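Protein chains get the first letters and strands the later ones, always in sequence-line order, with residue 1 at the start of each. The model shown is predicted, which means the values in this text are computed figures rather than measured ones.
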Amino acid sequence: MSIEAKDLTVKVNRNTILVNQVSLTIHPGEILAVVGPNGAGKSTLLRAITGDIKVDSGSVWMDGQPLEQWKLGERAKVRAVLSQTSVLSFAFTVLEVVLMGRGPHLNGSAETKRDYAIAYEALAAAEVEHLAERYFTTLSGGEKQRVQLARVLAQIWETPPNNGNRYLFMDEPTNNLDLTHQHRALQIARQLANQQVGVMVILHDLNLAAQYADRIMIMHRGEEVITGNPCQVLTPQYIEPVFNIPIIVTQHPTLNRPLIVSTA
Amino acid sequence: MRGLIIACLLCLFTLPILAQETDDETVIVTDFFGNEVTISDRSRIISIGGAVTEVIYELGYGDNLVAVDESSIYPQAATELPQVGYLRFLSAEPILSYNPTLIITTEDAGPPEALEQLRAVGIPVLVVPAEDTLQGAVDKIRPIAAALNRVEEGEQLIAQMQADIEQAQALTANLEERPRVLFVFAGSSVALGVLGQETGANEMLRLAGATNVIEDQTGYIPLTSEAIVAAAPDIIVTTSLSVERVGGYERFLQLPGIALTPAAENGRIIYEGLDDLYLLGFTPRLGDAILDLTYLLHESLPRPIPVVIRLNTSLNLFEDAIDASELEDILMDTTGLYTVFAPSDTALADFTGELDPVRYVIEGAYSIDELTPGTTLTALDGHTLTITQDLLDALVITDLEAANGIIHVVDMVLSE
Amino acid sequence: MSSTSQVQVKTTTQRIQITPARRRGPLVMAGLWVFLIISTIASIGIGQVEIEPDQIITILLDEIHVASPTITIGDFNLPADYTTVQKGTVTIIRLPRVILGLMVGAALAAAGTLIQGMFRNPLADPGLIGISGGAAFSAALMIVLGNTVFSGLSDLLNQFGIRPVPIAAFLGGIITTFLIYRLATVNGRTSVPTMLLAGIAINSLAGAGIGLLISFADDNQVRDITFWNLGSLVDVTWERVETTAPFILISILPMLFLSRQLNALLLGETEAQHLGVNVQRTKQAVVLLSALAVGASVSAAGIIGFVGLVVPHLVRLMVGPDHRYVIPGSLLLGAGLLVTADLAARNLTGGSEILLGVVTALIGAPFFLYLLLRDRQRGALI
């Protein structure tokens with residue numbers, strides 16, 4: 001059981017191909033990081049897998065069923081997506097925003113004490129508990145990002161009743177965040193993965209990918225360059241042509257992970 | 001003595017009862033919509049529509065009116081009554097708050113639901129036709145006369161109106177020349193238009209022996225300066241209220257295109273004394289309005305003294321007095337020559353005695369130069385009229401020429 | 001048995017607070033009910049025909065054939081005597097007017113809430129999707145050309161007892177909205193910004209059309225158009241209540257079930273989709289229900305501005321932006337405010353009434369400006 005994308009192709013028109021014949025699998029319990037330069041098609045790939053945009057060819061399967069056969073409500077109970085942007089212009093409080101993550105589980109009734117408890121735990125996990133009563137619209141960009149993180153956490157906080165899988169998609173979750181919170185966001189992803197959540201995360205920072213991902217896919221010009229564990233993938237052989245920058249790969253001083261240093 | 005006082009008091013108490021006595025015969029009148037309206041109580045009437053109000057006053061029911069609409073601007077007494085709003089935006093409740101027993105209005109009244117509500121509450125609502133034609137004026141009077149049980153008086157009113165119109169038509173029947181006239185109307189300071197064929201204005205121009213320059217368009221047409229210049233009217237007719245709405249006569253002349261017409265160049269813009277209701281209301285005064293318009297449009301027509309008085313805007317009260325006396329016929333005859341010391345509206349406004357117009361008319365034509373203090377003249381009723389310095393000082397307009405004499409407007413009432 | 005995620009949490013010392021909407025919601029709703037009831041009673045009780053409270057109660061009881069109890073408190077006597085004019089004023093004029101006013105107010109305010117939610121813009125207004133523009137244009141078309149070009153059509157409608165102007169307005173509004181919706185929908189997805197722009201374009205087209213019609217209109221027609229464009233309840237009959245009520249009730253009841261979808265939609269369309277909301281179907285529902293509600297209101301009472309814009313604001317001011325409270329709150333406050341505005345419209349002057357749209361704009365516009373100024377610091381309009 002996993003999310004499987006097969007031969008996804010997304011075009012703007014006949015000549016402009018954003019994603020070309022990309023396949024990947026997101027396994028429960030692991031973090032798949034997608035890296036690549038600007039315009040490589042990472043976000044488009046994510047949106048194709050989450051069903052936000054139509055693909056020109058290829059298919060996405062979630063737990064053995066084609067994605068489009070999943071009811072929207074059922075999908076939302078086990079899969080959450082953290083986007084890059086937030087457009088909220090109404091004065092909801094942070095707590096209300098996070099509680100919206102419980103929406104798919106409510107079946108039309110009001111939030112229970114349990115929902116509140118989960119919302120508060122998610123707030124605490126994203127370290128925005130102190131902002132609970134603030135208006136979302138008054139927050140800084142980084143705070144907003146963390147609140148959105150808390151919201152998607154609240155959405156998939158619990159294991160489904162049938163012990164089914166949960167999935168989390170994160171599109172550049174470290175944007176706008178300071179160093180502490182960049183790591184905090186990915187630590188949360190790590191912890192979720194440890195509880196059998198399948199995580200796909202798009203990252204710019206190769207070292208963050210190296211540090212947290214189980215597997216890494218490098219994308220370039222809409223195509224998959226290579227997918228594998230960090231040590232296999234993060235080598236000058238793959239990185240230098242893609243990012244067009246000379247690098248040295250060494251060992252992280254304390255972790256058993258590669259460390260990429262630019263030599264330009 | 002005590003008996004006398006009691007008798008006087010009794011008289012005082014019974015007087016209002018006598019004055020308020022009304023006809024309470026039940027009549028059924030078919031109105032404009034074909035509804036049969038049953039009317040018996042005429043004690044509290046609300047009139048909605050300027051022409052309707054005039055008819056009611058003419059038929060002697062003015063004292064029973066409890067409220068009117070804002071278009072009821074004649075007679076003066078009507079303007080002092082409470083108003084129930086605008087003909088096309090009536091509200092039932094304010095009308096009901098006057099406890100009317102009869103509501104009379106025209107087909108233009110709206111919204112229709114407001115009238116339905118009034119009927120549903122049980123108040124008779126008589127809707128009369130309001131076509132802007134001579135026949136329309138007649139059709140308006142008949143149902144009101146029937147409703148007020150004054151059929152005969154209504155027919156007299158119609159006969160008088162038709163006689164005036166016939167008189168006006170006779171005046172212009174043999175005229176070769178039909179002046180080409182543009183009728184301008186301003187509903188507000190910005191809503192300016194000209195009236196084409198199939199309008200009340202067109203009908204008025206036709207009855208007054210003129211041609212509407214707007215020949216191939218019907219209805220109300222927004223004013224365009226070039227079209228006006230191209231139409232080149234000899235005369236422009238508008239209403240006094242239109243001139244007021246655009247900000248006065250000077251402003252009216254500055255309206256785009258107007259100044260470039262032959263009418264403006266020759267100063268032939270006619271509006272004084274002609275308000276919207278009088279000129280376009282097709283009221284019982286239609287005959288008067290057509291006569292006025294006929295004389296104003298055809299300067300070549302000889303104007304006997306009553307016409308000059310009628311066309312003068314400061315002599316309305318004296319005009320009424322002449323209308324009511326047999327003097328009208330004498331002065332309309334253009335074979336004699338007369339001098340009239342006509343008291344102005346200002347002089348008569350506060351005058352409470354009985355005005356005998358005969359006392360103000362002298363045989364022979366005397367211009368101002370021939371009048372010096374001490375001159376004695378004999379009025380038509382035989383009274384001697386001595387010219388005093390006071391009288392000469394009170395003259396406001398002198399030497400108004402008529403076909404059969406001279407009129408001097410005086411700001412005082414002549415003493416006995 | 002579901003188990004809690006074991007994401008490590010640094011502190012959980014904060015006391016759990018419920019959301020402001022849940023905290024204040026029930027009280028606010030109760031307050032709005034009280035306001036609604038008071039304004040309804042005042043609207044039935046106050047008018048230019050003087051009727052005492054005891055008379056009104058007797059009239060209403062007689063109307064529903066319930067014997068009045070005998071009560072005497074000072075000048076208040078039940079049952080009381082009344083005249084036919086007083087009875088007619090209550091049962092024929094005020095009651096239908098108040099009932100329709102309640103429905104129109106509720107419909108306009110709730111539609112405004114939905115539209116603001118869908119556009120994710122607290123400044124949006126039902127007019128944005130072309131309902132009022134289309135309705136105003138078709139009404140003007142009927143007013144000006146009903147006796148000439150469309151005389152056959154209007155005669156036919158009149159034969160069936162249908163007034164041509166309201167039905168033209170209703171259809172005009174619905175058709176225009178449908179047109180705008182179609183323009184903005186490509187491949188089964190409706191673009192809200194395109195809808196906004198199409199709405200603006202169609203509205204100015206409608207404005208130009210009305211301008212063109214006015215240049216052909218005579219004085220009376222121009223005034224009729226003006227009256228219609230500013231709305232009024234002056235001509236409400238029971239018949240109109242009966243023809244309007246089904247449309248308004250059918251459209252406002254389902255609105256209550258859109259709150260979770262609209263809340264999620266405020267986060268963005270993709271986010272809403274990820275929260276399990278069928279975004280396209282929600283947009284369809286918003287457009288359809290608001291078009292129906294506003295179309296029916298406009299055809300019954302003309303164009304009454306600012307209710308759809310200001311009432312949702314007022315409610316959000318009281319309970320925050322959660323649609324589970326804003327939608328019912330707007331229904332209640334919209335209904336109450338509209339009958340109150342109508343009460344002012346018909347009693348501030350004798351004779352002709354002030355147009356209802358004038359009253360709502362006179363109250364609504366300054367209040368709206370106040371909100372704008374006040375909320376500049378908050379970083380967002382509520």
Side-chain angles (χ1 to χ4, degrees), chain B residues 44 46 48 67-70 81-101 108-123 130 185-188 190-193 195-196 198-200 217-224 242 245 276 280, chain C residues 46-51 83-97 143-144 147-148 158 163 165-166 211-212 214-228 230 232-241 300 302 342 345-347 349-355:
Chain B
R44 298 181 65 81
I46 291 183
I48 300 162
V68 294
D69 75 322
E70 64 185 38
L81 287 168
Q83 290 197 349
V84 292
Y86 169 63
L87 179 69
R88 295 193 72 79
F89 187 60
L90 296 170
S91 174
E93 199 168 330
I95 295 175
L96 287 175
S97 70
Y98 294 101
N99 265 318
T101 57
D108 291 331
E113 290 83 354
L115 301 182
E116 275 170 31
Q117 291 171 335
L118 292 168
R119 282 189 205 105
V121 173
I123 314 292
F185 184 79
S188 71
V190 287
L192 280 144
L195 295 164
E198 295 173 28
T199 57
Q217 282 174 285
T218 58
Y220 173 91
I221 306 136
L223 198 80
T224 57
S242 292
R245 286 180 196 124
D276 294 7
L280 296 172
Chain C
I46 302 170
Q48 304 215 4
V49 174
E50 278 184 29
I51 313 172
T83 65
T84 52
V85 166
Q86 288 174 322
K87 178 175 184 192
T89 303
V90 173
T91 60
I92 296 167
I93 297 170
R94 287 190 199 161
L95 270 184
R97 183 172 187 150
I143 289 170
V144 178
N147 290 327
T148 51
N158 277 321
R163 297 225 177 277
V165 174
L212 191 67
I214 282 178
S215 56
F216 294 118
D218 68 26
D219 200 39
N220 283 340
Q221 292 167 339
V222 172
R223 291 189 80 156
D224 286 354
I225 292 175
T226 312
F227 290 153
W228 205 86
L230 287 167
S232 173
L233 293 172
V234 72
D235 52 354
V236 174
T237 54
W238 277 115
E239 191 196 347
R240 185 167 308 170
V241 175
D342 184 51
R346 60 192 158 98
N347 286 306
T349 55
S352 275
E353 302 180 355
I354 308 174
L355 288 154

In terms of heavy-atom proximity below 4.5 Å to chain C, should [X] be classed as side chain, backbone, both, or neither?
X      : answer
B:D69  : neither
B:L96  : both
B:F185 : side chain

Completion exercise
When the 4.5 angstrom heavy-atom criterion is applied to C:N220 and chain B, the contacting part is both
Exercise for the section: Sort C:S232 into side chain, backbone, both or neither according to what part of it lies under 4.5 angstrom from a heavy atom of chain B. Expected result: side chain
Problem - side chain to side chain contact (heavy atoms under 4.5 Å, CB included) between B:I123 and C:V85, worked out - result: CA-CA 8 Å; B:I123 314 292; C:V85 166; 3.9 Å; yes
Exercise for the section: Report yes or no: does B:Q117 contribute a side-chain atom to a donor-acceptor pair with the main-chain N or O of C:V236 at less than 3.5 Å? Expected result: yes
Handout entry: Flag, side chain of B:E93 to backbone of C:Q48, donor-acceptor distance under 3.5 Å
Key = yes
Handout entry: Top of B:G187, B:A67, B:S188, B:S91 for chain C proximity - count of heavy-atom pairs under 4.5 angstrom
Key = B:S91
Problem - Selection from B:A120, B:G219, B:A114, B:G85 maximising heavy-atom pairs under 4.5 Å formed with chain C - result: B:G85
Handout entry: Closest contact, heavy atoms only, C:S215 versus B:P222
Key = O-CG, 2.6 Å
Completion exercise
Tightest non-hydrogen contact, residues B:A92 and C:I93, listed as CB-CD1, 3.5 Å
Top of [options] for chain B proximity - count of heavy-atom pairs under 4.5 angstrom:
options                        : result
C:R94, C:R240, C:E239          : C:R94
C:N347, C:T91, C:T89           : C:T89
C:D235, C:V222, C:L355, C:I214 : C:D235

Handout entry: Over-ring placement of C:R223 relative to B:Y86, 6.0 Å and 45° cut-offs
Key = yes
Handout entry: Nearest-0.5 Å distance that lies between atom OG1 in C:T226 and atom CZ in B:F89
Key = 11.0 Å
Handout entry: Ion pair check, B:E113 and C:R163, cut-off under 4.0 Å
Key = yes
Problem - Over 12 foreign heavy atoms within 6.0 Å of CG, C:N147 - result: no
